[in-house]
Amino acid sequence: MRFTPKIKEKVWEIKLEKKIFDKWTSEKIHVFNVKSKKKIFAIDTPPPYPSGRPWHIGAAAHYSQIDMIARTARMMGKEVYFPIGIDRNGVPVENYTEKKFNIRMQDTPREKFLELAKTALDDLEAEMIGIMKSMGLSGNFENYYRTDSTEYRKLTQTTFIMMWKKGLIYEDMRPNNFCIDCGTTIADADITYEDLPAQLVYMNWKVKDSDENIIIASTRPELICACQTLIVNPDDERFKHLHGKFATIPIYNREVKIIPHPAADTEFGSGALMICSYGDYEDVRLFRELGLKEVVAIDSKGRMTDKAGKYAGLKIKEARMKIIQDFENTGIIIKKENITHRTPICDRSNTPIEIISMKEFYLKQLDFKGKIKKASEKLKFHPEEHRQILNNWIDAISIDWPISRRRFYGTEIPVWFCKSCKKAVVPEPGKYYQPWKERSPVRKCPSCGGRSFTGDGRTFDTWFDSSISPLFITKFMKDKTFFAKTYPCSIRPQAKDIIRTWLYYTLLRCYQITGNLPFEHAWIQGYGVDEKGEKMSKSKGNVIDPIPILEKYGGDNFRFWDAAEASLGSDFRSSEQRVIGSSKFLTKLWNVAKYISMFPQSPEVKLTPTDRWILAELNKVIEDCMKGYEDFNFFIPANRIREFVWNVFAPHYLEMSKARAYGTNFSKEDQKAAWFTLNECLKSILLLLAPITPFLSDFVWRTLYGKKSIHIEQFPKTRWKSDLGKLTQDIIDFNSVVWNKKKEKNISLKDPIKIEIPKDLKEFEKDLIVMHNAKS
RNA sequence: GGGCCCAUGGUCCAGCGGUUAAGACGUCGCGUUCACAUCGCGAAGAUCGAGAGUUCGAAUCCCUCUGGGCCCACCA
């Protein structure tokens with residue numbers, strides 16, 4: 001009998017992937033059916049942000065693993081809802097638009113700017129979608145969503161209006177991070193710190209009713225007009241006699257109290273410092289703690305206000321230089337020191353931020369800290385240890401969330417202000433509002449009856465949009481049946497670095513709106529770092545572009561690489577070398593499949609001990625893989641299968657059963673037993689690998705086992721349990737000994753050798769003798 | 001300053017109370033028509049970051065230290 005492989009290709013050809021992907025699309029095997037009888041598994045896919053190229057290889061790997069989650073759930077018998085979205089709101093889009101068209105947002109008419117911003121990301125978005133497809137994502141590409149769509153923004157506004165009605169939103173004048181250059185309040189997340197040189201000046205202030213002076217050290221002398229108190233450390237002997245006395249602010253001649261407070265460091269400067277509104281967040285904290293009244297010294301354009309007296313109208317830096325000069329002339333400054341100062345910088349404009357009080361909208365979150373923490377106990381984390389990051393963040397929250405931004409490209413805040421009573425008027429939900437260019441839908445002010453309104457020009461913080469993704473994808477307020485079936489979602493996959501933003505804000509917002517958690521599982525992936533273990537960043541220039549790697553090695557090799565390298569939740573190194581290394585396994589598997597494809601498939605017959613042994617081993621593999629899949633940890637199955645195929649199945653079972661499979665000197669039944677076992681193993685391996693390497697698995701499956709896709713099958717069952725599995729190590733050891741002996745004797749592996757089969761391996765004697773050409 | 005995580009052959013990564021410490025990549029040697037040179041077999045290479053402790057027994061548990069990564073706070 002001649003055997004020819006049904007698999008013809010010499011190697012796994014990555015060009016086949018495109019065809020397979022198109023087949024999936026035309027067969028609609030991944031289309032979500034909300035009416036299905038199966039249990040629904042909804043994935044709150046993170047909509048990626050196309051903020052520049054190249055797309056981060058770690059992010060691409062992340063999405064390929066999200067697809068593994070989807071495929072795993074399908075093979076566990078669930079009806080999977082796997083939406084795809086793209087995030088397109090906020091400052092990075094504006095930034096990209098400015099660069100792309102060489103304009104400045106603040107100098108461009110809003111309408112015009114929005115038009116440009118709306119399409120600025122289209123090419124980047126197309127590229128991202130292309131990457132997702134080449135990685136084989138089984139998501140919904142037919143109608144993927146965008147966070148800047150009318151639909152999405154309408155829902156963001158609806159949730160705002162609902163919360164407004166519940167009294168969860170208020171407007172307040174508070175000190176906040178303000179970027180003068182961008183002209184907006186910004187979030188803490190938009191700030192980085194840089195060590196910049198600064199001048200620490202020591203000033204002599206007169207103490208009231210005394211001949212003494214007190215020396216105040218400051219890097220911000222221009223803020224003395226906003227000083228409300230002086231503090232010294234309670235234990236500082238130098239100042240104990242001054243507690244409760246007053247000092248006079250130079251130039252302004254206003255008196256401020258000297259009080260003891262532990263925030264003053266005896267080691268730094270003079271030991272005494274002024275508390276002004278606002279030099280830094282310590283000032284803000286103390287103003288709040290001590291109930292001080294703020295003095296607005298700087299306006300939103302970055303100029304001194306009339307509170308600064310003769311310095312009014314000057315820019316901050318000019319005022320500082322001027323006042324230092326004046327103090328030097330009058331002998332108030334006794335010393336100047338050059339220090340480096342950790343300065344908060346706006347991430348986008350690279351200019352120092354100021355703390356300025358502005359009227360902003362706030363969402364209440366302090367009242368929910370306990371509730372969110374309690375509710376999140378039910379959320380299952382993968383891996384569990386990352387729960388800590390969320391808990392730490394919730395504990396650290398000390399103010400409500402400022403949600404308004406003075407920017408253009410975002411969801412507009414649906415609010416008009418009555419021109420006569422100045423009160424905010426909020427419309428009914430159900431429409432996408434743009435108050436900066438539309439007339440108020442409310443004709444008469446509910447408070448004063450006024451009929452004239454001004455539209456709010458601000459937009460929301462982008463997290464205010466993205467934090468309702470679980471509501472948007474489940475068609476909240478749009479399709480009651482769909483929502484009831486899909487919410488809460490099953491899982492939120494996301495990266496570790498946005499736990500305190502995206503994960504936290506989503507929990508908060510969805511809890512406030514629906515009263516329960518938006519998903520059951522939180523699946524957290526680490527960062528993709530470079531080959532040296534350093535975080536990739538554009539400034540360092542170590543960002544790896546996934547496109548050339550995908551083109552060269554294909555989706556499956558890329559996916560197998562990230563599954564086998566990125567352990568659940570931990571950071572993983574990325575390099576082309578490592579993808580090449582992983583790709584060897586697919587070649588190996590390909591050849592195993594090609595070999596097995598030579599033989600006909602056989603119904604189950606009486607199996608030999610060798611067959612029952614490898615099936616017992618296979619059984620263990622299935623058990624181990626399922627443990628990994630149940631935790632959505634693909635590192636475990638990827639490595640377990642590689643280990644099994646490469647080190648047990650191919651070198652030992654394939655060799656032991658080869659003569660039987662070819663039918664040399666064995667009965668027809670024994671031959672059929674080998675055929676059956678070979679195919680049984682390959683089928684299970686393919687099924688177990690299908691979520692990780694969907695292309696190759698499907699190709700081989702359709703070539704050998706079925707007209708239909710492997711992706712509508714379920715994971716293999718464990719039905720081959722047997723004690724023979726205990727003998728695996730002995731078999732491996734014995735084969736190794738024989739190979740070594742032949743090596744020592746310098747004879748070919750096919751040459752005969754005199755060797756005894758060990759007692760415990762007697763059951764396998766016949767196969768072992770033929771395999772090694774052993775003579776007793 | 002507070003917190004979290006990590007430390008295993010040249011590199012990556014398993015093992016989490018008892019194994020001759022697994023595997024992959026890389027290196028070296030030998031080998032090949034018959035699934036695979038995008039291969040096979042074999043070899044070298046790890047006192048499991050350091051120290052102390054618990055235990056009959058520790059890479060594995062406790063403590064201290066060192067080095068690295070990350071998050072939060074932050075010097076007026």
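Nothing here was measured: the structure is a model prediction, and the numbers come from that model. Order of the sequence lines sets the chain letters (A, B, ...), proteins ahead of strands, with each chain counted from 1.
One can place CG of A:Asn557 at 15 Å from C1' of B:rA24, the figure rounded to the nearest angstrom. Computed from coordinates, the A:Ile394 CD1 to B:rC71 P distance equals 19 Å when rounded to whole Å. Protein atom CH2 of A:Trp739 is 11 Å distant from nucleotide atom C1' of B:rG42, rounded to whole Å. Nucleotide B:rU20 holds its C1' atom 15 Å from the CD1 atom of A:Ile732, rounded to whole Å. As rounded to whole Å, 13 Å separates atom P of B:rC71 from atom NE2 of A:His386. Between A:Lys594 atom NZ and B:rC34 atom P the separation is 11 Å, expressed in whole Å. Going from atom CG of A:Asp395 over to atom P of B:rC72 covers 15 Å, rounded to whole Å. With rounding to whole Å, A:Arg578 atom CZ is found 21 Å from B:rU38 atom P.
The minimum heavy-atom distance linking A:Ala308 with A:Tyr252 is given by the pair O-OH, 2.8 Å. Minimum heavy-atom separation, A:Glu17 to A:Asp556: OE2-N, 3.1 Å.
Nucleic acid contact class of A:Gly569 (heavy atoms, under 4.0 Å, all strands): none. The residue A:Lys584 sits close only to the backbone: its heavy atoms come under 4.0 Å of sugar-phosphate atoms, none of a base. A:Phe635 comes within contact range of the sugar-phosphate backbone alone, with a heavy-atom separation under 4.0 Å but no base atom that close. When heavy atoms are screened at a 4.0 angstrom cut-off, A:Pro5 is found touching no nucleic acid atom at all. The residue A:Ile231 sits apart from the nucleic acid: no heavy atom pair falls under 4.0 Å. Here A:Lys658 lies in heavy-atom contact (under 4.0 Å) with a base. The residue A:Lys750 sits close to a base: some heavy atom pair falls under 4.0 Å. Using a 4.0 Å heavy-atom cutoff across all strands shown, A:Glu655 reaches at least one base atom of the nucleic acid. Among the protein residues, A:Ala593 comes within range of no part of the nucleic acid, since none of its heavy atoms lies under 4.0 Å from any strand. Across all strands shown, A:Glu565 has heavy atoms under 4.0 Å from sugar-phosphate atoms exclusively, and none from any base. Using a 4.0 Å heavy-atom distance criterion, A:Asn647 is classed as a sugar-phosphate-only contact. Within the 4.0 angstrom heavy-atom criterion, no nucleotide atom of any strand lies near A:Asn639.
For the residue pair A:Asp562/A:His62, the side-chain donor-acceptor check at 3.5 Å is not satisfied. Between the side chains of A:Gln601 and A:Tyr705, no donor-acceptor pair of N or O atoms lies under 3.5 Å. Defined by atom type and a distance below 3.5 Å, a donor-acceptor pair is missing between the side-chain atoms of A:Tyr653 and A:Glu617.
Rounded to the nearest Å, the gap between the C1' atom of B:rU27 and that of B:rC12 is 15 Å. Nucleotides B:rA46 and B:rG69 place their C1' atoms 23 Å apart, quoted to the nearest Å. B:rA58 and B:rU66 have their P atoms separated by 26 Å, given to the nearest Å. Spacing between B:rG49 and B:rU8 at atom C1', rounded to whole Å, works out to 10 Å.
For A:Glu643, whose side chain is taken as the heavy atoms from C-beta onward, the closest listed nucleotide among B:rC71, B:rA22, B:rG40 is B:rA22. Taking only side-chain atoms of A:Gln388, from C-beta outward, the nucleotide of B:rG3, B:rC75, B:rG40 with the closest atom is B:rG3.
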key: Working for ring pair (Phe, Tyr, Trp, His ring centres under 6.0 Å), residues A:Tyr505 and A:Trp401   = CA-CA 10 Å; A:Tyr505 285 140; A:Trp401 175 17; 3.7 Å; yes
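Along RNA chain B, the nucleotide nearest A:Glu385 and the nucleotide nearest A:Leu749 are compared for position; the residue whose nucleotide lies closer to the 5' end is A:Glu385. Toward the 5′ end of RNA chain B lies the nearest nucleotide of A:Ile580, the other residue of the pair A:Tyr595 and A:Ile580 mapping further downstream.
Distances shown here put a side-chain N or O of A:Ser736 below 4.0 Å from the OP1 or OP2 atom of B:rG42. Residue A:Arg642 has no polar side-chain atom (N or O) positioned under 4.0 Å from OP1 or OP2 of B:rA24. Considering only side-chain N and O atoms, A:Asn392 lies nowhere under 4.0 angstrom from the phosphate OP1 or OP2 of B:rC70. One finds a side-chain N or O of A:Trp646 lying less than 4.0 angstrom from the OP1 or OP2 phosphate oxygen of B:rG40. Between A:Lys588 and B:rG40 there is a side-chain N or O to OP1 or OP2 distance below 4.0 Å.
Across every strand in view, B:rG40 sits in a pair with B:rC30 that passes the Watson-Crick or G-U test at under 3.5 angstrom.
Contact check on A:Lys658 versus A:Glu655 returns a salt bridge, with a Lys/Arg side-chain nitrogen under 4.0 Å from an Asp/Glu carboxylate oxygen.
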